[in-house]
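See structure below.
Ligands are counted one by one from 1 in listed order, and the atoms in each one are counted from 1 as well.
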Amino acid sequence: MPNLDDLPLRDDLKGRKPYGAPQLEVPIALNVNENTHRIPREVIEDIFSRIAHATLQLNRYPDREFLGLRKAFADYLGHDLTVEQIWAANGSNEIIQQIIQAFGGPGRLALGFGPTYSMYSIIALGFETDYLDAPRLDRYELKPEHVREQILKHKPNTVLLCSPNNPTGTPLSLDCIEAAYEAVTEVTGGIVVVDEAYAEFAPTNTLSALTLLPGRERLMVSRTMSKAFAFAGARVGYLAADPAVVDALRLVRLPYHLSALTQAAAEGALAHSAAMLQTVDDIRVQRDRLIVELTEMGLDPYRSEANFVLFGGLQDSAATWQALLDRGILVRNVGIPGTLRVTAGTESETTAFLSSLREVLAG
Ligand SMILES: *Cc1c(COP(=O)(O)O)cnc(C)c1O
């Protein structure tokens, strides 16, 4: 049986590891920041009937431009966005992949601020694009002057800003995005991508990077239905940007990349966006509770505007991760020494996590 090392693999992929958050059967999975609440019954019924309807036409290719779905995203996002400014793909990972395919490539640099979303470097590598994690400031925060300095120093073609940041939860001010856009315009004329995968969990009245789109044709804002929308299994991500950016992504997308079933399911979910998002308040309460109770345990949670909390202060995070798993609770070890990351689940899941962790720490 040949293995990977025997294949004539591209040199730059040799020795690499695929994205690999463990997928284990456990009673309580709080490791990949899904919305752990179920989809409401009435939404499920509507999605069923839309999928049944789409099935009747599965002998034909789907709408390659998925205009119905793009209109639904434009309406959901607001900010006077038009269909021409919206794009979608199989998860925002695919959106980011299409961006790197279109705007990266050999000799070009993508810059993130690490620790940040692990897929940025994996996607960049896949398209022979250099990737660099610039450092963050104390407690993983970013400030406009620092963002500017790093961009002037490294001269990236693509800047990837995760807002709020995964895995740290850190919010990002619009000042930082404006500073990044100005700086990258000065050094390379490149693009700025703001990954707002967790935007719905930010405090109400938080301004989205969508407000910065007018007049900034090289700014792109990506979103996903995988987190707040409780739709991770459907694989739907989307983007708002200038219509010219959408034209650029059309050059690299595979024809008919969004299946008719995906389009039908996503349109069904968006038709019930209020119901789909009704658990967000609850999840925010559990996130804030995690921060309070982890602090009371003598641990060191970082500030978070997402649906998860990164916390430090552990002697041996791998041992704690395993001890929690032995109790049926799966969290994420993102590789930052002394820390673990936990998703804010339902109230009872959060309670189970906190009491198990207390047990584990008590030895
Ligand atoms: C979860 C996540 C995504 C979403 O990925 P999908 O492909 O849409 O499921 C994108 N960016 C960040 C930072 C994430 O944490």
Check each atom of ligand 1 against the heavy atoms of [X] and keep those under 4.0 Å away; list them by number with element.
X      : value
Arg235 : 6 (P), 7 (O), 9 (O)
Ser226 : 6 (P), 8 (O), 9 (O)
Gly91  : 6 (P), 7 (O), 8 (O)
Cys162 : 13 (C)
Asn166 : 13 (C), 14 (C), 15 (O)

Reported CD-to-CZ distance for the pair Glu84 and Arg70, which is rounded to 0.5 angstrom: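 Glu84 CD to Arg70 CZ: 7.0 Å, rounded to 0.5 Å.
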When you compare the side chains of [X] and [Y], does any donor N or O come within less than 3.5 Å of an acceptor on the partner?
X      : Y      : value
Asn35  : Thr279 : yes
Asp326 : Gln322 : yes
Thr185 : Glu182 : no

Identify the protein heavy atom lying closest to [atom], giving its residue, its atom name and the separation to 0.1 Å.
atom                    : result
atom 12 (C) of ligand 1 : Asp195 OD2, 3.4 Å
atom 14 (C) of ligand 1 : Lys227 NZ, 3.1 Å
atom 10 (C) of ligand 1 : Ser92 OG, 3.2 Å

Geometric N/O contact Tyr198 with ligand 1, under 3.5 angstrom: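 In this structure, Tyr198 places an N or O atom under 3.5 Å from an N or O of ligand 1.
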Polar proximity ligand 1 side, Tyr120 side, N/O cut 3.5 Å exclusive: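 Tyr120 vs ligand 1: no N/O contact under 3.5 Å.
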Within-shell test, Glu94 vs ligand 1, heavy atom, strictly < 4.0 Å: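 Outside the 4.0 Å threshold, so no.
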Any Ala232 heavy atom less than 4.0 Å to ligand 1: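 It does not, in that no heavy atom of Ala232 comes within the 4.0 Å cut-off of ligand 1.
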Nearest heavy atoms of Pro144 and Ala179, plus distance in Å: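 Scanning both residues completely, I find the closest heavy atoms to be O-CB, 3.7 Å.
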Qualifying residue, where the test is ring-ring contact (aromatic ring centres under 6.0 Å, His included) with Trp87 and the options are Tyr238, Phe66, Phe73: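 The passing option is Phe66.
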Pi-cation contact, Phe308 with Arg341 (under 6.0 Å, within 45°):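 Cation-pi check for Arg341 and Phe308: passes.
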Salt-bridge contact Arg303-Glu141 (side-chain N to carboxylate O under 4.0 Å):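 Judged by the 4.0 Å cut-off on N to carboxylate O distance, Arg303 and Glu141 do form a salt bridge.
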